[in-house]
Amino acid sequence: MDDGNGMLMFLFSHSSSTLTEMHHILLKPIFIHGFSSVSHFVVLLVLFISYACNKRGNNENVKSRPLYHKPTYFSCVALSLLHLVLCFLNYFYWYANGWPDENIVNQLDLVLRTVTWVGISVLLYYSSDRKFPVFLRIWWGFFFLLSCYCLVADLVILYSKFHHLAASHIWICDAVSVVIGLFLVCVGIFGNKEREQTPLQEPLLDSRGKSNRKNEDENPYTNANLFSLLTFSWMSPLLAVGHKKTLDLEDVPQLDCCDSVDGVYPTFRNKLYSSSTGDQQVSTLKLVKALLSANWREFVISGFFCLLYTLASYVGPYLIETFVQYLNGVREFNNEGYVLVSAFFGAKLVECFSQRHWFFRMQQVGVRLRAALITTVYKKGQTLSCQSKQGHTSGEIINFMTVDAERIGDFSWYMHDVWMIPMQVILALLILYKNLGMASIATLVATILVMLANFPLGKLQEKFQGKLMESKDARMKTTSEILRNMRILKLQGWEMKFLSKVVELRKNEEGWLKKYVYTSAVTTFVFWGAPTFVSVITFGACMLLGIPLESGKILSALATFRILQEPIYTLPDTISMIVQTKVSLDRIASFLRLNDLQADVVEKLPKGSDVSIEIRDGYFSWDISSSSPTLKDINFEVFHGMRVAVCGTVGSGKSSLLSCILGEVPKVSGSVKLSGTKAYIPQSPWIQSGKIEENILFGKEMDREKYETVLEACSLKKDLEILSFGDQTVIGERGINLSGGQKQRIQIARALYQDADIYLFDDPFSAVDAHTGSHLFKECLLGLLASKTVIYVTHQVEFLPSADLILVMKDGRITQLGKYEEILNSGTDFMELVGAHEKALLTLGSTETAQTSENVRNKMLNDNMENGMKVELKEDKKTEGDSTDDIVGPKAQLVEEEEREKGRVGLRVYWKFITTAYGGALVPFILLSQVLFQMLQIGSNYWMAWATPVSEDVKAPVKGSTMIIVYVALAIGSSFCILVRSVLLVTAGYKTATELFNKMHMCIFRAPMSFFDATPSGRILNRASTDQSAVDLNIPSQIGSVAFSIIQLVGIIAVMSQVAWQVFAIFVPVIGTCIWYQQYYISTARELARLVGVCKAPLIQHFAESISGSTTIRSFDQESRFTETNLKLMDNYSRPKFYSAGSMEWLCIRLDMLSSLTFAFSLIFLISVPEGTIDPGIAGLAVTYGLNLNMLQAWVIWNLCNLENRIISVERMLQYTSIPSEPPLVIEAHKPNDDWPSEGEIDINDLQVRYAPQMPLVLRGLTCTIPGGMKTGVVGRTGSGKSTLIQTLFRIVEPATGQILIDGLNISTIGLHDLRSRLSIIPQDPTMFEGTVRSNLDPLEEHTDEQIWEALDKCQLGNEVRKKEGKLDSTVTENGENWSMGQRQLVCLGRVLLKRSKVLVLDEATASVDTATDNLIQQTLRQHFSNSTVITIAHRITSVIDSDMVLLLDNGLIMEYDSPSKLLEDKSSLFSKLVAEYTARSNSSFETAT
């Protein structure tokens, strides 16, 4: 029994001691943290496996997520951040108190906890599952129990004898974990329901969603797993394609939906306008808030990576002193060397991964900001009122997109610097305080002083930047206007004068650029010299305070200063970027505040209403502030199906009346009501670049039968047969390769195809010949549109009798209103118009019997017969039906794809850029100053490492004062080198930018007209704005950075190799691998950068076209389609940008890994060598430099790649410095006499002309003589070659064969200016330039004010100009928008009256004026050009009927050439048929009237 009791007692005591022991073990921190770390490691493995197996979902698919998804996600993020902070605190806490096993396990637990909760956060962020995963819910339950257990253990430890105290940060962590764990358990049990889908969350456009899902399937970024995301391996397929072949846009994958405009713009728009009552409320602050809140998630994630990077980058400097002491033989615990190497290497890895993802995220944000802003500016441009547009020209609006939005996108790089720089400074000061004590206060003061120096510099930069942008805007505005009107400038011989205007504007811009870059040079000097200045102050303070300087502390301080360099280096860039971005944000915000069109101008009548248009008591004014409205007391009503004609003299307000029906003119008072859809045909044709078919369909589906009917009605079939590609012909910008009549008829076809209810025609028949005009009126207005409501403005009286209602306008009022018969005798205004027309017809009648100048004409005809003209006519007629392909050769479109260089950027481009300024003389001095700077920097650090003892008990080699004096001398030397380098670099860059600008613009202005026909102005403007900006501000510093970073890298390698040459064993293969990676990457990166440039031009062009055609787009209600096109072009531009960023990070992460391995290898080598072999101070110096190795190695490669991407701007500009030039402006050896041409006789011999080598012949062998002093009319169908003949006369187009002689002198042998300045022309498209009335009439400033007033009086504009406030200095807006079309034509007449040439050409000169004004013009010309040779191209037969000779062209051949009377005698002649048709049309009009 006793034995039994003893046994029981033994067992009891044994079990109780076991329990106590277990109790001890279970409450031991090492067990708790070990168990916790194992648990978290298991979860981490499960997460990793699930990531590897599953593709990443779409985080935008919010509607299918479970309830409480957001709070759950934020809870997990909070836990990961909490553990990260504790991880660092714990590290420093135990580092100071030693590293027992328990603390190592504790640290491991915190690291694993951080990584696990980051993993869970990432899983939740990208998950679109309807329920939380089961394993996650189980883990949340387990985590809650684990947290409770840990907290209980902490409390027991706190109050028991087992441990003196639990570290306070540990039990705080456990307490927070219990609270969050409880919430997660509740979510796991109760919150796993699917969220209900509200109607608001339904997709707005299902088709859009489908297309997005399709894009996601194609998008490697969306579908990447965790490992692929971490290492950027999702870029590998694209890089592989780019390595094998030249990338095209089709090879670049689609964007993820949250990076495309579709995902970005709606969110941004909602944020921007959510709290504002309208556009007026958009302030810069509101714009910034909207940009931030629309992308807050990306900012937070990138901020987290930025924080990680900052913390990791300071681990190295913190540990250097310990490492030097370790090499000196001071060991704190076993294997301390390997722990130090692991800490260095681990910190480098964290630094590398966090930096790469931070950079990538910021570029991703940049893509989104750009997309949102460009789309916003585009949409605003579509709704601007006319008055707002006058304040901001298309050139300026394009600048908002090409420069300002681009700059704001680039600012994303600098976004986190605002808080990161102070944090880096604080961390640096903490490390310095640990090493140098109170001397760190001196560091703080020095740093603050350096940073305070920013403010005056920053203010100056802001001022210069603002002025630079203003002057750039002015230049771009003028350049844009010049490019639009280059044809008229060349015809008048004014292009060099206008080039000098652009150069003058550029000089003003250069003045601000010079100030800006030199301020930047000073900033660069201050901040490159700043770390040296800070270190001198710090070490000086140490000497004064008697703080002993040891090499370990010195090296730790130097490493810290080196990292402190980063915030001090980036601070000027950041300040400059903040300044530039603020300027850009202000500009965009002020643009978004501009007034839109009044939304309530036009009221909608109910569908089916009898009334189509009704205006009551209408007062309208283009300028609301003006005291006299543009239109006054407008009252009329138009019923469904009526035809209404609007007539009146030039400037009476006819076009403004149509504009007020469209809602374009601001309403002062009254009401405008409309019923149904509308179509508008403006007076100046607005044609889009693209195929003819696309212009006619204008967004509608193809209905072949309807399409053919429209082509027939608009007489386009024959024109399309002549064109090589028919309706698939690509039209150049603004319809440059079409005649005026063809453009007008395509416009009419566009309107007819839309099948609207109301049609508004603004004098479209003026640009077509009489025959075509009759056909259009009959087939379109009286035929296809018989049942529609039509309002047509016309100057041709013969079209008036067919109207149901006629509005006669004068001085902005409707003076008469009614049917033709009613108003014919009721007032003087209408009688004036009709009287002028009758007078013209009487002239026509009298000409049929007139026989004037018969002898001269007979002599002329005989000459022509001798020249074999009739034989040629027969031969031409015989061959007319033959295929033109034999003449033409291979067919090709006029407007071709933009030229894009392929392969490597040639060394020639770099060489040209470097040697442009002073033949490259400054380059050696720039490099020498950088080499000296680097040598002095290394020398000063080497000196400090050598001159200070390793520890207190070692004697210093030199005195402290000597050490500081030498160090200061070296510092001053290095600062001076930097100053020299900065100044020389900006001098060379500024000079290069100026030279390139001048060369490119000279080449563009001297280019033949065919270049402008085939090159959309968007391409030229892109080079003049974006590429020029890059050359002005970025590329010089980029080339400098490449050279400087290579010099720095060589310096680091030299220092590291001096300590241990064995490091070369790994340096050589690593650098070889780096070069291989760079070569593999660059082929893709280069083409992506080129694609960015190529994809930008269509975006700019579409932008410019949309702004110029905004009235037409709105009238057809096509805003949404154009916005859709803009979105598509924007995505096409963003795609190469996004993948270019991805490819850069793909490369950098691999280079960083390689350099980290190099650094780790050198550290292992240093701890492996026997003690005393290497001087610890010098070894520490090598480690100090080695800490920067990965950053610098990546920086070299990054700079190289970035330079190759940026230098493409130079390559693109150099393309335009080698455009084939026109023939010389002046040929000294063949200068004509001062009085040439004295007679004005023009001989044309076998003239054949084509617009380009790949195009068909337009003139096919013309031979005739135009006698001097005679009036010759050139007639023919639209597209017959009339305008081409004139262009050949001015040598805008050079003949393929044949020649033109004026007074016996072959015009091809003299200089272009000698030719063009002696001829005068009134062109088909009346052009006015922004400026004053004086500068428009006399751009070359050759005439006095009296002569200008005389010319204005002769062309009936004198009184109009006298009424204006500024008289001759009254302003003319862009394109002369504040003058009517007819007034602009009269200004062109004024120009030729001033010039008084012997040869005058009128190319449809009176197309835009009424008959009365036409008669006045003809009378003026007869009076003042009676002895000149006048060649008239006209569609009104009355304009050519009183000519001495008539030349009739058809399909590029002379069909008839004789006096009008002779041709009219022959009733079978084409001319007499044309006249008969015209008179029949006009007479029938009068007959119906009477």
Side-chain angles (χ1 to χ4, degrees), residues 517-518 520-521 523-525 527-529 531 562 565-566 569-570 572-573 904-939 973-993 996 1030-1055 1071 1074-1075 1078-1079 1082 1085-1086 1144 1147-1148 1151 1155 1185 1188-1211:
V517 294
Y518 279 107
S520 301
T523 312
T524 308
F525 159 66
F527 291 102
W528 274 75
R562 193 172 280 276
Q565 270 182 329
E566 193 182 334
Y569 278 179
T570 52
D573 280 349
R904 290 188 72 91
V905 176
L907 284 173
R908 187 185 64 85
V909 175
Y910 293 96
W911 183 249
K912 271 206 164 177
F913 186 81
I914 288 168
T915 56
T916 300
Y918 312 108
L922 296 181
V923 175
F925 295 105
I926 294 170
L927 292 175
L928 178 65
S929 54
Q930 177 64 24
V931 169
L932 284 172
F933 166 74
Q934 192 62 32
M935 287 167 71
L936 289 167
Q937 279 273 296
I938 291 170
S974 66
S975 299
F976 177 73
C977 289
I978 279 299
L979 179 62
V980 172
R981 189 206 79 185
S982 304
V983 171
L984 291 180
L985 183 65
V986 298
T987 305
Y990 167 77
K991 179 72 174 169
T992 304
L996 276 177
V1031 170
D1032 284 346
L1033 301 169
N1034 300 338
I1035 294 173
S1037 58
Q1038 198 69 52
I1039 288 181
S1041 292
V1042 169
F1044 308 153
S1045 56
I1046 288 172
I1047 290 166
Q1048 278 184 287
L1049 184 63
V1050 169
I1052 285 187
I1053 291 172
V1055 170
I1071 286 175
C1074 286
I1075 291 167
Q1078 194 259 350
Q1079 293 300 310
I1082 198 66
R1086 189 193 307 118
M1144 173 63 80
L1147 173 72
C1148 286
L1151 299 184
S1155 53
Y1185 275 96
N1188 270 9
L1189 181 67
N1190 72 314
M1191 187 186 83
L1192 201 60
Q1193 198 170 317
W1195 193 41
V1196 168
I1197 301 292
W1198 187 84
N1199 275 326
L1200 275 169
C1201 299
N1202 212 18
L1203 174 62
E1204 182 140 14
N1205 293 348
R1206 285 277 173 87
I1207 202 80
I1208 287 164
S1209 287
V1210 177
E1211 182 183 59

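Note that this is a predicted model, so its numbers are computed, not measured. Only heavy atoms go into these numbers, but all of them, side chains included; no hydrogens, no water, no symmetry mates.
Between the CG atom of L1200 and the CD1 atom of I1046 there is a distance of 5.0 Å, given to the nearest 0.5 Å. Taking CD1 of I938 as the start and CD of Q1048 as the end, the distance is 9.0 Å to the nearest 0.5 Å. Rounding to the nearest 0.5 angstrom, the gap separating the OG1 atom in T915 from the CZ atom in R908 is 10.5 Å. Annotation: the span from K912 atom NZ to E1211 atom CD amounts to 12.0 Å, rounded to 0.5 Å. Atom CD1 of residue I1075 and atom CD1 of residue I1082 lie 13.0 Å apart, to the nearest 0.5 angstrom.
Closest heavy-atom contact between S1209 and A1030: OG-CB, 3.7 Å. What you find for A521 and S982 is that their closest heavy atoms are O-CB, 3.6 Å.
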Quiz item: For F976 and L936, what are the C-alpha separation, side-chain angles and deciding distance, and is it a side chain to side chain contact (heavy atoms under 4.5 Å, CB included)?
Solution: CA-CA 11 Å; F976 177 73; L936 289 167; over 6 Å; no
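Residue pairs that meet the salt bridge (charged side-chain N to carboxylate O under 4.0 Å, His left out) test with at least one member in residues 917-926, sequence neighbours left out, do not exist here. Pairs passing the side chain to side chain donor-acceptor pair (under 3.5 Å) check and including a residue from residues 1030-1043, sequence neighbours excluded, read R506-D1032, Q1028-D1032, Q1038-N1199.
With sequence neighbours left out, I914 forms a side-chain contact (heavy atoms from CB on, under 4.5 Å) with V923. V983 pairs by the side-chain contact (heavy atoms from CB on, under 4.5 Å) definition with Y518, L979, T987, not counting sequence neighbours. Scored by the side-chain contact (heavy atoms from CB on, under 4.5 Å) test, T992 finds F913, T916, A917, L996 as partners (sequence neighbours excluded).
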Could you pull out every donor-acceptor pair under 3.5 Å between side chains of residues 926-934 and any protein atom, sequence neighbours left out?
| residue | atom | partner | partner atom | Å |
| --- | --- | --- | --- | --- |
| S929 | OG | F925 | O | 3.1 |
| S929 | OG | I926 | O | 2.7 |
| Q930 | OE1 | R981 | NH1 | 2.7 |

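With contacts defined as side-chain heavy-atom distances shorter than 4.5 Å, the pair I1039/L1203 qualifies.
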